[in-house]
2 protein chains.
Amino acid sequence: MTFPDIDTPAVLVDLDIAEANIDRFQAHCDEYGLKLRPHIKTHKLPRLAQRQIQAGAIGITCQKVSEAEAMISEGGIEDVLITFNIFGADKLSRLKKLAQKVRLSVVADNVATIDGLAGTFCDADVPLTILVECDTGGARCGVTTSEAAAELAAYIDGQSGLMFGGLMTYPPTGQEPAVQDWLTKAKKMIETSGVSVPIISNGGSPGMWQAQDVPVATEYRIGTYVYNDRSLQDRGVCTWDDCALSVLVTVISVPSAGRAVVDAGTKVLTSDLLGLDGHGHVLGRPDIKVAGLSEEHGVLTADDINLNVGDRLRIIPNHVCVVSNMLDEVQLIRGGTALGASPVVARGKVW
Amino acid sequence: MTFPDIDTPAVLVDLDIAEANIDRFQAHCDEYGLKLRPHIKTHKLPRLAQRQIQAGAIGITCQKVSEAEAMISEGGIEDVLITFNIFGADKLSRLKKLAQKVRLSVVADNVATIDGLAGTFCDADVPLTILVECDTGGARCGVTTSEAAAELAAYIDGQSGLMFGGLMTYPPTGQEPAVQDWLTKAKKMIETSGVSVPIISNGGSPGMWQAQDVPVATEYRIGTYVYNDRSLQDRGVCTWDDCALSVLVTVISVPSAGRAVVDAGTKVLTSDLLGLDGHGHVLGRPDIKVAGLSEEHGVLTADDINLNVGDRLRIIPNHVCVVSNMLDEVQLIRGGTALGASPVVARGKVW
């Protein structure tokens with residue numbers, strides 16, 4: 001299906017596949033008694049956040065205050081975790097407004113961030129829940145030792161207006177036993193000091209089918225699973241049939257027998273490689289390599305490219321979350337029929 | 001200058017530097033008698049397109065019809081070359097409307113594209129000018145032989161509503177003699193058949209200071225030069241002081257003595273490497289490596305990172321054109337003072 005009435009390049013979202021993905025992983029979490037808190041960064045669409053909640057998710061995850069604002073105002077979402085150190089007067093002021101509307105929690109991995117939150121929420125009617133972010137091997141944010149986690153837990157526990165909620169990690173892939181050990185040790189250390197640890201939030205699509213292998217975790221955060229992509233197919237996490245988002249392109253040049261050029265480059269597919277060779281998978285043409293991208297051109301190569309100018313193709317991107325962020329709208333598909341464009345409400349929300 | 005009143009992450013555009021860049025390369029083209037046709041893909045701002053015209057540019061270059069629409073309607077630009085094979089009913093219809101407003105030219109490298117243009121413009125009052133795109137080594141679009149260029153020139157010349165305007169190439173970098181030979185041979189072959197070749201359009205920022213080394217070219221297209229970036233600094237094309245665009249970020253975590261995390265990732269800086277190691281240059285801190293990006297996090301490493309949560313930094317991105325495309329607005333700076341936000345009018349215009 002290449003939807004001749006849709007101008008290209010276009011980002012297509014197959015709602016049937018997305019909803020099946022939502023339901024399949026919700027069932028997996030239900031089976032293991034794990035709460036699910038999907039990350040909206042992948043779809044950025046209120047309607048899919050609502051669908052995730054309807055399927056059984058306890059709330060959503062956002063990375064930025066502006067994403068939470070969009071999901072609350074346009075999606076009516078009532079429980080949001082923001083997994084980012086929030087710093088600065090403007091963001092804190094906006095965060096406080098959101099906390100008056102919904103059940104809100106955030107993370108922190110340092111005293112300066114906690115001090116900013118404490119200064120903002122010291123007079124709040126309802127305390128703000130803070131999870132301590134833990135670096136269990138991902139080497140991004142997070143305290144690097146369980147001792148540091150326990151220190152921050154005690155520090156949060158001592159602030160009026162704040163409530164220590166537990167631990168959060170964005171784990172390294174495929175190291176579930178180490179993550180389990182790390183979080184268990186930190187939990188025990190905090191509990192020994194008399195502070196309870198009600199929430200332990202783990203997450204990430206690459207390890208989704210092993211979510212239960214970190215049983216100390218109470219909830220799982222996950223984004224990419226709603227659409228899936230070439231990186232997850234490559235890891236064996238999904239099949240091509242589970243990929244809900246594709247980029248519809250038109251062949252605009254066939255300079256040689258082994259090369260064609262399509263009308264989408266990094267401004268749609270992005271340069272994200274995620275360790276893969278090439279920039280996407282052409283549905284139905286596994287012999288084609290998406291060999292190179294410039295901003296508006298995608299160069300396809302094959303031994304025999306066998307394409308004509310005007311042909312339409314669909315490409316599964318390497319990394320679907322960043323593709324969602326490139327265009328102001330996606331084209332929704334259901335039952336093989338195009339339903340029209342839908343604005344990507346949380347696109348470009350980096351504040 | 002880290003502009004405490006601007007919320008981060010933010011894309012800063014220093015107008016003093018951008019205008020100096022515009023004037024410097026215009027003077028270079030004037031010295032060599034080369035017409036300049038800047039590509040708006042880098043800034044996507046009508047005000048800078050206007051400034052380029054005021055400095056002496058003969059018109060602008062766009063990659064897509066929607067970019068041209070934005071620059072014509074919001075910038076009042078009167079001469080536009082679209083360097084893309086335009087295909088499909090919707091785009092052709094919009095192109096025809098633009099041709100009724102301004103002096104418009106496009107490129108083509110194949111018969112199917114020319115047939116689409118001919119079908120659209122056969123009854124036009126003013127014929128549409130078409131340049132034949134030539135692959136002089138860049139291996140993207142373009143006819144691959146001078147014979148093929150001559151064939152397409154004759155084909156265009158035979159269509160009512162179309163006018164053959166000459167040749168266009170996006171050349172390989174550092175191969176000026178080969179590009180000169182390619183274009184000269186094609187020009188002679190076309191002229192031998194009795195068709196004149198008034199325009200030969202060459203371009204690209206990496207080879208900007210060698211633009212005169214392809215003397216058969218009549219005009220030069222260039223985008224990145226207006227802002228410059230780490231890739232051009234690395235090639236010796238500019239200095240850090242010539243970089244007009246920077247990304248203002250805040251340190252949000254300092255997990256260890258050798259690592260800090262800032263609040264901008266691929267959603268601002270993008271994954272474009274352009275062959276470089278790392279994802280940007282931190283102004284004033286050449287010892288820091290922008291070692292890794294995820295969507296909202298930038299991981300900085302150094303032997304001694306010596307940063308605190310809340311510190312502000314400015315990062316020169318690897319590739320400035322794609323950064324311009326990420327946020328809906330940029331923050332304009334002049335004389336060291338922030339002037340406020342300006343919408344990136346042609347952002348996300350991929351159609």
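What you are looking at is a predicted structure, and each value in this text was computed from that prediction instead of being measured. Sequence lines set the chain letters: A, B, ... in the order given, protein chains first and strands last, and positions in each chain run from 1.
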- request: Apply side chain to side chain contact (heavy atoms under 4.5 Å, CB included) to the pair B:Asp263 and A:Phe84, showing each step before the final yes or no.
  value: CA-CA 9 Å; B:Asp263 60 352; A:Phe84 207 83; 3.9 Å; yes
statement: Closest heavy-atom pair, A:Asp109 versus B:Ile252, reported as atoms and distance to 0.1 Å, is OD1-O, 4.2 Å
task: Heavy atoms only, distances under 4.5 angstrom: which of A:Asp7, A:Val261, A:Leu273, A:Val299 has the most pairs with chain B? Name it, please.
output: A:Asp7
query: So which heavy atom on B:Asp272 is nearest to which on A:Thr266, and how close?
result: OD1-CG2, 4.3 Å
field: Side chain proximity check, A:Glu295 to B:Gln63, heavy atoms < 4.5 angstrom
entry: no
message: Less than 4.5 Å to any heavy atom of chain A: does that hold for the side chain of B:Ser256, its backbone, both, or neither?
response: neither
message: Just so I understand: if I count every heavy-atom pair under 4.5 Å between each of A:Gly142, A:Ala108, A:Ser253 and chain B, which residue has the most?
response: A:Ser253
Note, B:Asn110 side chain near A:Val254 side chain (heavy atom, < 4.5 Å): no
message: Please give me the minimum heavy-atom distance between A:Arg259 and B:Ala139, naming the atom from each residue.
response: NH1-C, 3.1 Å
statement: Closest heavy-atom pair, A:Thr8 versus B:Trp351, reported as atoms and distance to 0.1 Å, is O-CD1, 3.6 Å
message: Does any part of the side chain of A:Met326, heavy atoms only, come nearer than 4.5 Å to the side chain of B:Asn325, both counted from C-beta?
response: yes
Residue A:Glu67 versus chain B: region with a heavy atom under 4.5 Å: side chain
- prompt: Does B:Lys349 reach the side chain of A:Asp328, with side-chain heavy atoms less than 4.5 Å apart?
  reply: no
message: Heavy-atom pairs under 4.5 Å with chain B: which of A:Pro4, A:Cys141, A:Gly265 has the most?
response: A:Cys141
- prompt: Are any of the side-chain heavy atoms of A:Tyr170 and B:Ser294 separated by less than 4.5 Å?
  reply: no
task: Evaluate the side-chain proximity of B:Lys64 to A:Lys267: yes if any heavy-atom separation is below 4.5 Å, no if none is.
output: no
message: For the CG atom of A:Leu274 and the OG atom of B:Ser271, what is their distance to the nearest 0.5 Å?
response: 7.5 Å
query: Looking only at heavy atoms, what is the nearest atom pair of B:Val350 and A:Leu327, with distance?
result: CG2-CD2, 3.6 Å
Chain B contacts, top residue of A:Gly298, A:Ala10, A:Cys321 (heavy-atom pairs, under 4.5 Å): A:Cys321
- request: Heavy atoms only: give me the nearest B:Pro255-A:Thr144 pair and the separation to one decimal.
  value: O-CG2, 4.0 Å
Heavy-atom side-chain contact between A:Lys91 and B:Thr250 under 4.5 Å: no
- prompt: Heavy-atom distance under 4.5 Å between the side chains of B:His297 and A:Asn85, does that happen here?
  reply: no
- prompt: Does any heavy atom of chain B fall under 4.5 Å from the side chain of A:Asn308, the backbone, both, or neither of them?
  reply: neither
statement: Assert top hit (heavy-atom pairs under 4.5 Å, partner chain A, pool B:Ala112, B:Gly348, B:Ala89, B:Pro9) equals B:Pro9
